Amino acid sequence: MSAEQLITDHIDIWTSAVQAKSSSGRGSGKKRELYGIKKLRELILELAVRGKLVPQDPSDEPASVLLERIAAEKARLVKEKKIKKPKALPAIEDEEKPFELPQGWEWVRLGVIGNIFNGNSVSARVKEQKYSGGVGLPFIATKDVGYGFQELDYKNGIHIPVGEPKFKIARKNAVLVCAEGGSAGKKCGIATEDICFGNKLFANELYGGVSPKFILSNYLAPYFYAQFSESMTGIIGGISALKFNELLVPIPPLQEQNRIVTKVDKLMALCDQLEQQTEASIDAHQVLVETLLATLANSQDSTELMANWARISEHFDTLFTTEQSIDLLKQTILQLAVMGKLVPQDPNDEPAAKLLERISEEKAQLVKEKKIKKQKALPPIAEDEKPFELPSGWEWARVFDVSLLSEYGSSQKTVAELPDGVPVLKMGDIQAGKVILGEHQVVSAQIEDLPNLYLKFGDVLYNRTNSAELVGKTGIFEGEDDVYTFASYLIRIRCSFNNVMPDYLNLCMNTPLFRKTQIDPHIKQQCGQANVNGTLMKSMLVSVPPVREQARLMAKTKELLSFCDQLKQCLRDSQQTQLQLTDAVVDQVL
């Protein structure tokens, strides 16, 4: 099967296998990775360096003759004192060879075909003060090297004056690879001009006309990274120059190297096109889902909502085929719930204004009993503050008005263990609208403010500080009363259970529109962190339905969210099957 057939005959596999993107790799900013196309690229490179991408030509001069010329060239350079005499490399044993080579090819160690050396360490301050904006050779750091066939980034403004004695120079066509850190063995590229470069990079200046792009193809092939990673040592991960010199690469005849490079260029261009088309298709699909789900949020009532939903449900199998689209559906469900569009209203329900009166009376009684302090009333809600129109019987209210109390947690320093230790909940324990109980650090049960800071079942915890995307996240505590406390960067909100369900308040504070209208506009940067404090939180608006409708809404919401979770699990199972099928195709070809 030709490489073109390999792509076209399995186009559905290459384009449909998608997974969540890893933290390392190409920085496109997207959360997904086109796994199928990634594996196709790897397969093309693996076929190339195994001699299976283009046919061999028996009239080509064998690689053994090329290696003889390289040895003669190195001896001449040593004699002319242009390079140091290299250390002898160990002979290659048969069991070391990763795979069998075609006739006319040879296995060699990297140090045989080139001069390998690392660059120079230069602090950011020195580069900025001494070498920024100057004239000379561009300085390439690890960040300026890509993850494939991209050109090096020469636009960092750092240039090293020619003749600086400290700096090593890598000549044009030297092949670079990152030798240390998380990008070791992954970032690599070819110098298109003479450069100076960082000490975390190795340069390989090749002899005998060996194709830099063919060697780069080896660096990018899975077989080579397997060798590279096995040779890495240290906590942060790195490979020594000695070990790098000893890695194996297959060398074909020069003529075949050039044919392989031409073919790889052509096929990588096809992969680029396939990737662009797939990305465009996924993005268009996402826009379509967003547009159709917006019609649900814009429905005037539950009757219109059902009509709009019926139209969407006709195409359910083609719309909700990604995790992003299912997450959007979940967010839409939450938004519909707090807008009063998820279940029909019952005119016999007691209006929400009554429950707000009862909460006010309950707070007044708690103040009278000295269980809470009297708090200053907040200003009435202006019309222009209200994010949307509410159904009859609903009310807009501030978080202050729907809760009995809200207060910061303990600022006491936590420790791993104490005989009378009280576990302290922190920001990381709030996940997906829930408070996760597990292993926690503790404070002493004897600290003065603790009796008032024990959590009770149904308390809502609000995170007031951290990065902008984490500020404002909330979760419900569902543990045992008077066992846990909470950290000072969390705020505990306690509801009047008979009037506002904690589940409903938590739902309100996790909707997209709540974040957009109540949290994001109030974020302030303090000491390098985003912050929305307790005073601002109390002023935030939530929509309040009658108590009975709260119960109906929560039941319906939980039912629909459970369905979304099932749908997402089915999708993940399907994606896993696609990934396995992709791997199986690659394994079969190799």
Side-chain angles (χ1 to χ4, degrees), residues 327 330-331 333-338 342 355 359 362-363 372 397-410 422-440 452-466 469-515 518-519 532 534 537-538 540-545 547-562 564-565:
D327 286 339
K330 292 176 78 169
Q331 291 175 8
I333 290 167
L334 297 179
Q335 196 60 55
L336 291 171
V338 301
L342 199 60
L355 70 84
I359 292 174
E362 187 175 351
K363 289 168 76 171
I372 63 173
R398 301 192 188 278
V399 172
F400 171 85
D401 298 315
V402 299
S403 59
L404 297 177
L405 58 88
S406 61
E407 51 201 348
Y408 290 79
S410 171
V422 176
V424 179
L425 299 181
K426 297 188 176 182
M427 180 200 67
D429 301 317
I430 301 176
Q431 299 176 22
K434 298 180 180 179
V435 175
I436 308 300
L437 303 180
E439 296 293 327
H440 309 281
N452 296 321
L453 294 181
Y454 276 116
L455 289 166
K456 294 189 180 298
F457 184 90
D459 283 347
V460 178
L461 291 179
Y462 162 93
N463 180 55
R464 65 181 177 87
T465 186
N466 201 270
E469 64 271 15
L470 295 179
V471 166
K473 72 173 184 174
T474 65
I476 295 184
F477 173 74
E478 295 179 332
E480 189 178 345
D481 287 2
D482 302 329
V483 173
Y484 293 84
T485 186
F486 56 104
S488 60
Y489 47 78
L490 299 178
I491 299 176
R492 182 255 309 275
I493 307 169
R494 182 163 290 165
C495 293
S496 172
F497 269 65
N498 295 327
N499 296 295
V500 172
M501 297 172 63
D503 278 343
Y504 178 75
L505 178 60
N506 186 53
L507 183 154
C508 282
M509 297 178 77
N510 277 282
T511 58
L513 196 58
F514 185 86
R515 170 159 288 279
Q518 307 299 310
I519 296 176
V532 181
M537 185 209 70
K538 291 177 186 179
M540 293 177 184
L541 299 185
V542 290
S543 57
V544 185
V547 175
R548 291 176 60 188
E549 187 166 350
Q550 289 178 41
R552 294 195 301 273
L553 277 171
M554 292 313 304
K556 188 66 173 178
T557 300
K558 289 178 180 177
E559 175 192 339
L560 293 175
L561 293 183
S562 175
C564 289
D565 289 338

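Note that the structure is a prediction, hence the values are computed from the model and not measured. Nothing fancy with the numbering, it's 1 onward along the sequence.
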Undergrad: By the salt bridge (Lys or Arg N to Asp or Glu O under 4.0 Å) test, which pairs, at least two apart or in different chains, include something from residues 485-506?
TA: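 For residues 485-506, and leaving out neighbouring residues, the salt bridge (Lys or Arg N to Asp or Glu O under 4.0 Å) pairs sorted by first residue read Glu407-Arg492, Asp459-Arg492, Asp459-Arg494, Asp503-Lys558.
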
Undergrad: To the nearest 0.5 Å, what is the distance between CG on Asp429 and NE2 on His440?
TA: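 Reported to 0.5 Å precision, the distance equals 5.0 Å.
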
Undergrad: Is the number of heavy atoms from other residues, nucleotides or ligands within 6.0 Å of CD (Gln431) greater than 12?
TA: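 Enclosed.
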
Undergrad: Which value, rounded to the nearest 0.5 Å, describes the distance between Asn510 atom CG and Ile476 atom CD1?
TA: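 Nearest 0.5 Å value for the CG-CD1 distance: 9.0 Å.
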
Undergrad: Above 12 or not: heavy atoms from other molecules or residues under 6.0 Å from NZ of Lys538?
TA: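 Above 12, so yes.
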
Undergrad: Could you check whether any side-chain N or O of Lys473 sits under 3.5 Å from a backbone N or O of Ile430, counting only pairs where one atom can act as donor and the other as acceptor?
TA: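 Looks like yes, one N/O pair under 3.5 Å.
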
Undergrad: Please confirm whether the backbone N or O of Leu541 pairs with a side-chain atom of Gln518, one donor and one acceptor, at under 3.5 Å?
TA: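 Side chain of Gln518 to backbone of Leu541: a pair is present.
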
Undergrad: Given Tyr454, which partner from the list Val483, Asp481, Val422 fulfils the side-chain contact (heavy atoms from CB on, under 4.5 Å) test?
TA: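 Only one of Val483, Asp481, Val422 forms a side-chain contact (heavy atoms from CB on, under 4.5 Å) with Tyr454, namely Val422.
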
Undergrad: Treating Gln335 as the side-chain partner and Leu513 as the backbone partner, does any N or O pair qualify as donor plus acceptor under 3.5 Å?
TA: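 It does hold such a pair.
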
Undergrad: Evaluate the side-chain proximity of Met537 to Phe400: yes if any heavy-atom separation is below 4.5 Å, no if none is.
TA: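 Sidechains of Met537 and Phe400: no contact.
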
Undergrad: If you count heavy atoms of other groups shown closer than 6.0 angstrom to NZ of Lys434, is the number above 12?
TA: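 No - once you tally the heavy atoms of other residues, nucleotides and ligands closer than 6.0 Å, there are 12 at most.
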
Undergrad: Quick one: OG on Ser543 to CZ on Phe514, what's the gap to the nearest 0.5 Å?
TA: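 Interatomic distance, Ser543 OG to Phe514 CZ, rounded to 0.5 Å: 10.0 Å.
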
Undergrad: Within the side chain of Gln331, is there an N or O that forms a donor-acceptor pair under 3.5 Å with the backbone of Pro512?
TA: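 Looks like no, no N/O pair under 3.5 Å.
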
Undergrad: Rounded to the nearest 0.5 Å, how far does CG of Leu507 lie from OG1 of Thr474?
TA: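 Going from the OG1 atom of Thr474 to the CG atom of Leu507 covers 9.0 Å.
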
Undergrad: Taking Asn499 for the side chain and Val547 for the main chain, is one N or O donor matched with an acceptor at less than 3.5 Å?
TA: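 No: the side chain of Asn499 does not pair with the backbone of Val547.
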
Undergrad: Taking the six-membered ring for Trp, are Tyr484 and Phe477 ring centroids under 6.0 Å apart?
TA: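 Yes, ring centres under 6.0 Å apart.
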
Undergrad: Checking the side chain of Ser496 only, and the main-chain atoms of Ile359 only, is there a donor and an acceptor separated by less than 3.5 Å?
TA: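 It does not hold such a pair.
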
Undergrad: Whether the side chain of Ser562 engages the backbone of Glu559 through a donor-acceptor N/O pair (distance < 3.5 Å, no angle test) should be reported.
TA: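 The answer is no, because no donor-acceptor pair under 3.5 Å joins these two groups.
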
Undergrad: Which pair of non-hydrogen atoms, one from Pro545 and one from Leu553, has the smallest distance, and what is that distance?
TA: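 So the minimum-distance heavy-atom pair works out to CG-CD1, 4.0 Å.
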
